[in-house]
Amino acid sequence: MHGNAIIVPMVHQQRSQARLSPSGDTEDIVALLAPRLAYFAGVARTEHVTRAAQEMQVPQSTLSRAMVRLEQDLGVDLFARRGRTVSLTPAGRTFLTSVDRALAEIEKAADEVRADADPTTGKVAFGFLHTLGSETVPGLIRAFRADHPRVRFSLVQNYGEAMLERLRAGELDLCLTSPVPDAPDLVARRLDEQKLRLVVPADHRLATRKRIRLAEAADETFVTLEPGYGLRRITDDVCKEAGFKPRVAFEGEEAETLRGLVAAGLGVALLPHPPYPVRELQS
């Protein structure tokens, strides 16, 4: 048997605030303009500095200074001023079109990230081993969706170490892997166990046996997953416990390929039992 573990980050590390790199004029102007775009759109919409300041709940003096600085940074007049009342210049109208589009994209992005974080309708980035994709993961998701039908999943299949790195990078919310990793920066919970079986070709000398000792396969050629996969480490470990090192002829990236290689008579393999059967109907 080998244990499957559900893994989540222990802490979400706070990302350091990015500093503006003075490598080009474009980066500089974006840093200068971005905080003032909403102010500009508010003044352009109301055509009145005082009214815009009241609606945005900022001091009128702050808003006025921001508009003056914006025009200075751009080097063009955006407004024609008549006391507290303003109107857009041709340059101002051109600029407003792009500002409205940019602010709409920001609002759309904010809505999307809020939706993804919503515990009732959000999206979960869930990573798991290839060997768990046919039975274990569908069962877990089906049970979860019974109580949370609106939650969405982004499913990622990969080998264990790659998933743990993506977990640490914040690209995954949780992952299902094996064996249980010894990683102090992650929280692991033992979830289930899968039985491993020695899979042999149909005409193999051991094919009629119901049970064997693994040591009896010491002289066999093995097909396994590539190094770095959890099942490969488990295969190497259990063979070592049985007193031998497996002689590997083929290495693959997912279990069903290994099963096919075994069926073709190219070796034997330690694999989880096959998934539940399904019916395939001709259309």
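Since we're looking at a predicted model, the values are computed, not measured.
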Taking everything shown except Arg82 itself, do over 12 heavy atoms lie less than 6.0 Å from its CZ? yes
Give a yes or no on this: more than 12 heavy atoms of other residues, nucleotides or ligands lie within 6.0 Å of atom CZ of Phe79. yes
If we ignore hydrogens and angles and just use 3.5 Å, is the side chain of [X] paired with the main-chain N or O of [Y] as donor and acceptor?
X      : Y      : value
Arg166 : Glu171 : no
Glu254 : Thr257 : yes
Gln54  : Arg51  : no
Glu71  : Leu78  : yes
Thr94  : Pro90  : yes

Looking at side-chain heavy atoms only, is the closest gap between [X] and [Y] below 4.5 Å?
X      : Y      : result
Pro181 : Leu164 : yes
Met163 : Gln157 : no
Leu271 : Leu231 : yes
Leu74  : Phe95  : yes
Arg232 : Glu251 : yes
Val86  : Val43  : yes
Val124 : Val151 : yes
Phe40  : Leu88  : yes

Going through the distances and angles, do Phe126 and Phe144 end up as a ring pair (Phe, Tyr, Trp, His ring centres under 6.0 Å)? CA-CA 13 Å; Phe126 182 21; Phe144 182 83; 9.5 Å; no
Using 0.5 Å steps for rounding, measure from the [atom1] atom of [X] to the [atom2] atom of [Y].
X      : Y      : atom1 : atom2 : result
Leu258 : Thr235 : CG    : OG1   : 9.0 Å
Leu103 : Leu96  : CG    : CG    : 9.0 Å
Glu220 : Leu206 : CD    : CG    : 6.0 Å
Phe128 : Ile141 : CZ    : CD1   : 6.5 Å

Answer yes if [X] and [Y] sit in the same cluster of Ile, Leu, Val, Met, Phe, Trp and Tyr residues linked by side chain heavy atoms under 4.5 Å apart, and no otherwise.
X      : Y      : result
Ile212 : Leu196 : yes
Val68  : Leu37  : no
Leu270 : Val248 : no

Begin with the C-alpha distance, continue with both residues' side-chain angles, and end with the deciding distance and a verdict on side-chain contact (heavy atoms from CB on, under 4.5 Å) for Asp73 and Arg36. CA-CA 11 Å; Asp73 291 336; Arg36 303 177 191 141; 2.3 Å; yes
What are the two closest non-hydrogen atoms of [X] and [Y], and how far apart are they?
X      : Y      : value
Arg233 : Pro179 : NH2-CD, 3.2 Å
Thr221 : Arg247 : OG1-NH1, 3.0 Å
Ala52  : Gly42  : CB-O, 3.8 Å
Met67  : Tyr39  : CE-CB, 3.5 Å
Cys175 : Leu172 : CB-CD1, 4.4 Å
Phe250 : Leu261 : CB-CD1, 3.9 Å

I'd like to know if the side chain of Gln60 pairs up with that of Thr50 as donor and acceptor (distance under 3.5 Å, no hydrogens or angles considered). yes
Given the rule in the side-chain contact (heavy atoms from CB on, under 4.5 Å) test, do Arg190 and Val180 qualify, once you have shown the distances and angles that lead to the verdict? CA-CA 7 Å; Arg190 192 178 185 89; Val180 180; 4.0 Å; yes
Yes or no on side-chain contact (heavy atoms from CB on, under 4.5 Å) for Glu226 and Glu253, after CA distance, side-chain angles and deciding distance? CA-CA 6 Å; Glu226 295 177 349; Glu253 294 184 349; 3.9 Å; yes
Between Val223 and Val268, does the side-chain contact (heavy atoms from CB on, under 4.5 Å) criterion hold? Intermediate values first, please. CA-CA 6 Å; Val223 294; Val268 303; over 6 Å; no
After noting the C-alpha distance and the side-chain angles of Glu216 and Arg205, does the key distance pass the salt bridge (Lys or Arg N to Asp or Glu O under 4.0 Å) rule? CA-CA 11 Å; Glu216 296 179 61; Arg205 63 182 178 85; 5.6 Å; no
